[in-house]
Number of protein chains: 2
Amino acid sequence: MSSRVAVIGIGITEFGELWDESYRALITKAGTEAINDAGIEGNEIDGLYIGSMSPGLFSGQEHVSSLVADYSGLAGIPATRVEAACASGGLAFREAYISLKSGLMDIVVAGGVEKMTDSPTSSVMITLMGAGDQEWEAFKGATFPALYALMARRHMFEYGTTLEQISEVAVKSHHNATLNPNAQFKFNVTLKQVMNSPPVAEPLRLLHCSPITDGAAAVVLATEKKAKKLCENPIWVEASAISTDTIALHDRRSLSRMDASIRAAKYAYEQANLKPSDIDFAEVHDCFSIAEIMAIESLGFCKPGEGGKLTEDGETKLDGSIPINPSGGLKGKGHPVGATGIAQIVEVVEQLRGDAGKRQIDGAEIGLTHNIGGSGGTCVIHIFSNR
Amino acid sequence: MSSRVAVIGIGITEFGELWDESYRALITKAGTEAINDAGIEGNEIDGLYIGSMSPGLFSGQEHVSSLVADYSGLAGIPATRVEAACASGGLAFREAYISLKSGLMDIVVAGGVEKMTDSPTSSVMITLMGAGDQEWEAFKGATFPALYALMARRHMFEYGTTLEQISEVAVKSHHNATLNPNAQFKFNVTLKQVMNSPPVAEPLRLLHCSPITDGAAAVVLATEKKAKKLCENPIWVEASAISTDTIALHDRRSLSRMDASIRAAKYAYEQANLKPSDIDFAEVHDCFSIAEIMAIESLGFCKPGEGGKLTEDGETKLDGSIPINPSGGLKGKGHPVGATGIAQIVEVVEQLRGDAGKRQIDGAEIGLTHNIGGSGGTCVIHIFSNR
């Protein structure tokens, strides 16, 4: 185990409609917080990995690797932007992890950022559809709510999953978000409010959909040697796994599961030498409430088709047997797409440090992050422990 | 030397205005050619790295990692898009190299692709400006020809570099392109034609500017063990170096040199234990002709300020002492921005294999690639040898 990798610093901005903050201000704020949290100086950092989905379409800015290095006062440093739609953050963390495993670097920062609210909503919807297949999905008028609505319908048809069960995901996520000072939506919603919210793409309603959000998050990663020297409570990366799938939903073998999630979970559990029942809690990609139900099935926390019941039974709540999205998830905390994968990791680190305040999961020792790009074309999974 | 990395396969499409080819068709064509050239099967590949600058702005498509995996028949495989403006290709190669160094992968494909000619030219100019600083450069109306024109003016002022010298770069590049079957511009231009071409941003004229291009390139990388098993003529990666700089030109200490190039070159020579005079030839980033002159100075092929004279003296021609851009460079071969860094590597590998046909450099054993993002915010340098 001489080549383990640890997270030794975390930083995150408020998530929300942050009209007074620019893209570069958000990511440098999160990055500075992470560096300060790690107790290191800028000149100790060997590289930057930035996850960002569409800074070009959202605000004309590409080349954000150079931009972030520059505005962090680190011009000169190796810097790489990584993109895999809404899995950009998780994948940036994975590339940072690989760079440490290579022996070429000792300390790197992985950040994620998106500034989405400067564009009109119609334009944001078109930009986000860049995560799907332009020629075969976007061209036909599909939007992401529509694609996830197809998955929801199929899941309901195959397994008898109910809209009540799907809605309970949002009720739980909003509750957790009330305990997260950085969350976009710090208010509770009732089952009735979710069920009666305006339809977006049937059966999905407004309160089943994650919002449009500005925000950034960053973490500092270090090799085992550096981590032990610099940090009293390193959080160890036990597994880093990715799988891809067809970019278009209609090319998949099933609409009611995500094979990329199932494969990535298998690799991650093998790498960590753990099984689903060993995981104390998880941050999963609930871009739409149905996605959380599919995620907990893919991750093996229940059998296929039983995610709705697990949720309805309260097992995914903070005091349940497998708490899901203690942060509030994409639904409650907000979903600045490129930042989400890193924000999930920030939450897991806070929980494993015992620093999660009112949403702390008692005795949490092993946490998992599950980050999806598009309708399941990419899935990135990481497992962390505090031992 | 047990952990060396080699290139064992290459593929490249024609470069040009390819109205009958889509983004996905271009990259899968180059990728398939590289895989066939390596003599491997798809299931032997452990990962994909795709360099692409602005598929979102050019055609609405993000998440190209999943798209390329899917359309290559490799859905499931780890796939990552890397972006650093026009250095996206070089940086994708570097991340592929790091992934092999990590011991997590044995064979990976690094590809680069851009489909630029589907947009109107005015829109392409705006998209490309995403490589600069949106808030401080684009907002003021700067374009890339304008930024490089500032560098040209300053270089002329400081060193007495003449427009004739700058123009000789284009004359040489066009000549080399006539010997490259994949080049966009397979015709010669005279010094007079370059000097009299329409002004774009004074002192730069049309024939000092690289074109808007569609194209893709791909290479297969392998660990030393796999390379020796699979390949008779592996081309070894002797150095992989990157440096960044401020994204905005006006924040730099000098307009007449690129510090990112100078730093990356220093790292690369140290890694390879080589000096500039050991390099037999180089593919450098001549997005504008002045950039080639600055590049050969940064790379130490001559002293600062002497790049114009070196060019004028014919030393950078195919039969000169240090041939530059035997492929025709960005000017003659074309510049599909995300593909360029990989295309440079394809050319170096062809030369080091002795397969470069009419543009073969006799006895070439060590070649260098130099890939720039923006106005110098990123520089990626690789050194290769055939021994």
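Order of the sequence lines fixes the chain letters, A, B, ..., with proteins taken first and strands second; residue numbering starts at 1 for each chain. Treat the numbers as computed from the prediction; the structure is a model and nothing was measured.
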Leading residue by heavy atom contact count with chain B [cutoff under 4.5 Å; candidates [options]]:
options	value
A:L48, A:I126, A:V64, A:I98	A:I98
A:M53, A:M129, A:R24, A:R94	A:R24
A:L57, A:I50, A:T378, A:L91	A:L57
A:E135, A:M105, A:R263	A:E135
A:D133, A:L67, A:I242	A:D133

Answer with side chain, backbone, both or neither: which region of [X] has an atom nearer than 4.5 Å to a non-hydrogen atom of chain B?
X	result
A:S88	neither
A:L104	side chain
A:L74	backbone

Looking at B:D259 and B:R252, does any basic side-chain N land under 4.0 Å from a carboxylate oxygen?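 Judged by the 4.0 Å cut-off on N to carboxylate O distance, B:D259 and B:R252 do not form a salt bridge.
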
How far apart are the closest heavy atoms of A:Y23 and A:S52, and which atoms are they?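 Scanning both residues, the minimum pair turns out to be OH-OG, 2.7 Å.
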
Please report the closest heavy-atom contact between B:S375 and B:Y148, naming both atoms and the distance.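 Looking at all heavy atoms of both residues, the closest pair is CA-OH, 3.6 Å.
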
Using non-hydrogen atoms and a limit below 4.5 Å, what part of residues 79-86 of chain B faces chain A?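 Residues in range: B:A79, B:T80, B:R81, B:V82, B:E83, B:A84, B:A85.
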
Side chain to side chain donor-acceptor pair (under 3.5 Å) involving A:D118 - partner list, sequence neighbours excluded: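 Testing A:D118 for side chain to side chain donor-acceptor pair (under 3.5 Å), a comparison that skips the adjacent residues, returns A:K115.
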
Apply salt bridge (Lys or Arg N to Asp or Glu O under 4.0 Å) to B:E44 and B:K226, showing your working. CA-CA 11 Å; B:E44 296 179 78; B:K226 286 278 183 187; 5.5 Å; no

Option in [options] with maximal non-hydrogen atom pairs under 4.5 Å from chain A:
options	value
B:G76, B:S243, B:S65, B:G377	B:G76
B:P78, B:A131, B:A138	B:A131
B:A264, B:A75, B:S66, B:C379	B:S66
B:K101, B:E95, B:Q61	B:Q61

Exercise: do B:D70 and A:T246 side chains pair donor with acceptor under 3.5 Å: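 Judged by distance alone, the side chains do not pair up.
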
First locate atom NE2 of B:H335, then atom OG1 of B:T340, and finally report the distance between them rounded to the nearest 0.5 Å.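 Between B:H335 NE2 and B:T340 OG1, I get 4.5 Å after rounding to 0.5 Å.
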
